Amino acid sequence: MQVLSLESAAFEDAGLGVNGTRAGDGSALSILFKHLAVSSSPASKDLAPQVLRAKGRVRCIGSGWVKLDMRGACLSSGPASFAHALAWADDSPLHLLPDRSDAPLCSSALVRIEGGKDLQLHLTLLAQRDPTEANSEALCVVDSIDIKVLAARSLQGQPYQTWSASK
């Protein structure tokens, strides 16, 4: 018996190109973005960091835990350029700081949903080209968020099970 159901997702900015799919039983929800990206390039002539904020909510029925996976990409050229995303699911941060200038973004969080409350999503994407290099660029993109309800398992009175990988 599932206690939590993910019903729908909505974002304040309609220009993000949000699409999604939902499992029929509400156990999973995938959100895809067409336009959740920010870039900084020489063509913009703006040396300030470029910022894009997105705020959304996932309508939930019931209480329980969810696992949230967020994916995207960051690209930057120039020693002082950067691109990264900051994200929160309710009060749980998702760390989307790439280790390299061409690394994909991938982060997960476990979030507790209390009865009658929606899951709040807050994203901030940043891109800053290197102002000392004429051809430097920076790009940050978030392309998807997958949310899955975690099944509640009672271990009360049950022994722990162990396993090992066989060679």
Side-chain angles (χ1 to χ4, degrees), residues 4 6-23 26-61 65-114 116-150:
L4 176 63
L6 306 171
E7 296 299 305
S8 63
F11 280 78
E12 291 179 352
D13 184 352
L16 297 176
V18 178
N19 290 307
T21 58
R22 177 185 172 271
S27 64
L29 184 71
S30 292
I31 306 166
L32 305 174
F33 300 97
K34 287 185 182 178
H35 307 292
L36 186 52
V38 65
S39 65
S40 175
S41 69
S44 71
K45 305 291 184 206
D46 188 354
L47 296 179
Q50 300 303 298
V51 179
L52 176 65
R53 290 184 175 91
K55 183 178 177 184
R57 70 180 181 90
V58 176
R59 195 166 65 84
C60 303
I61 296 175
W65 287 89
V66 295
K67 181 180 181 211
L68 191 131
D69 294 309
M70 189 175 302
R71 288 180 294 283
C74 283
L75 302 170
S76 60
S77 63
S81 65
F82 65 86
H84 58 267
L86 308 170
W88 293 265
D90 284 342
D91 293 329
S92 298
L94 286 101
H95 304 286
L96 294 162
L97 300 172
D99 292 333
R100 297 176 26 165
S101 64
D102 61 347
L105 295 177
C106 185
S107 185
S108 297
L110 298 177
V111 180
R112 172 83 180 155
I113 307 294
E114 298 298 334
K117 294 193 176 190
D118 293 338
L119 174 63
Q120 303 295 319
L121 302 173
H122 300 273
L123 293 89
T124 302
L125 281 62
L126 302 166
Q128 170 65 61
R129 68 184 186 91
D130 186 341
T132 64
E133 295 211 9
N135 294 323
S136 71
E137 296 180 307
L139 169 70
C140 182
V141 177
V142 170
D143 57 27
S144 64
I145 300 173
D146 292 322
I147 307 168
K148 183 177 180 186
V149 174
L150 297 177

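Here the structure is a predicted model, which is why all the values come from computation and not from measurement. These numbers come from the heavy atoms of this one structure, side chains and all, not from hydrogens, waters or symmetry mates. All residue numbers refer to positions in the sequence shown, counting from 1.
Here the side chain of Gln50 pairs a donor or acceptor atom with the backbone of Ala48 at under 3.5 angstrom. In this structure a side-chain-to-backbone donor-acceptor pair under 3.5 Å is missing from Glu137 to Asp130.
Atom CG in Leu16 sits 8.5 Å away from atom NE2 in His35 (nearest 0.5 Å). Expressed to the nearest 0.5 Å, how far CG of Leu119 lies from CD1 of Ile145 amounts to 9.0 Å. Here the OG atom belonging to Ser107 is positioned 8.5 Å from the CG atom belonging to Leu68, to the nearest 0.5 angstrom. Taking CD1 of Ile147 as the start and NZ of Lys67 as the end, the distance is 12.5 Å to the nearest 0.5 Å. Annotation: the span from Lys148 atom NZ to Ser27 atom OG amounts to 7.5 Å, rounded to 0.5 Å.
For Ala87, the side chain to side chain contact (heavy atoms under 4.5 Å, CB included) partners at least two apart in sequence or on another chain are Met70, Leu94, Leu96, Leu123. Remark: Ala10 pairs with no residue by the side chain to side chain contact (heavy atoms under 4.5 Å, CB included) rule, at least two apart or across chains. For Arg59, the side chain to side chain contact (heavy atoms under 4.5 Å, CB included) test picks out Glu7, Ser8, Arg57, Ile61, Asp118, with sequence neighbours left out. Legend: residues meeting side chain to side chain contact (heavy atoms under 4.5 Å, CB included) with Arg71, ordered by chain and number and at least two apart, are Asp69, Cys106, Asp143, Ser144, Asp146.
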Quiz prompt | Trace of the side-chain contact (heavy atoms from CB on, under 4.5 Å) decision for Leu4 with Trp65 | solution = CA-CA 8 Å; Leu4 176 63; Trp65 287 89; over 6 Å; no
Quiz item: Do Ile31 and Phe11 pass the side-chain contact (heavy atoms from CB on, under 4.5 Å) test, and can you show the C-alpha distance, the side-chain angles, and the key distance before you say yes or no?
Solution: CA-CA 10 Å; Ile31 306 166; Phe11 280 78; 4.2 Å; yes
Self-check item: Residues Val58, Ile113; criterion side-chain contact (heavy atoms from CB on, under 4.5 Å); working and verdict
Solution: CA-CA 10 Å; Val58 176; Ile113 307 294; over 6 Å; no
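Nearest heavy atom pair, residue Leu105 against residue Val141, reads CD1-O, 3.9 Å.
Of the residues listed (Ser77, Pro42, Ser40, Ser76), the one engaging Ser136 in a side-chain contact (heavy atoms from CB on, under 4.5 Å) is Ser77, and it is the only one. The residue from Val111, Leu110, Val66 that alone fulfils the side-chain contact (heavy atoms from CB on, under 4.5 Å) condition with Leu150 is Leu110.
Two residues are said to be in side-chain contact when any heavy atoms from C-beta on lie closer than 4.5 Å; Leu47 and Arg129 meet this criterion. Contact of the Val38 side chain with the Val51 side chain is not registered, since no non-hydrogen atoms from C-beta on lie closer than 4.5 Å. Contact annotation: the side chain of Cys140 never approaches that of Leu52 to less than 4.5 Å [non-hydrogen atoms, C-beta and beyond]. Proximity of His84 to Leu86: side-chain heavy atoms (C-beta onward) are separated by under 4.5 Å at one or more points.
Sequence neighbours left out, not one pair with a member in residues 37-58 passes ring-ring contact (aromatic ring centres under 6.0 Å, His included). Applying the ring-ring contact (aromatic ring centres under 6.0 Å, His included) test to pairs two or more places apart or on separate chains, none has a residue in residues 120-147.
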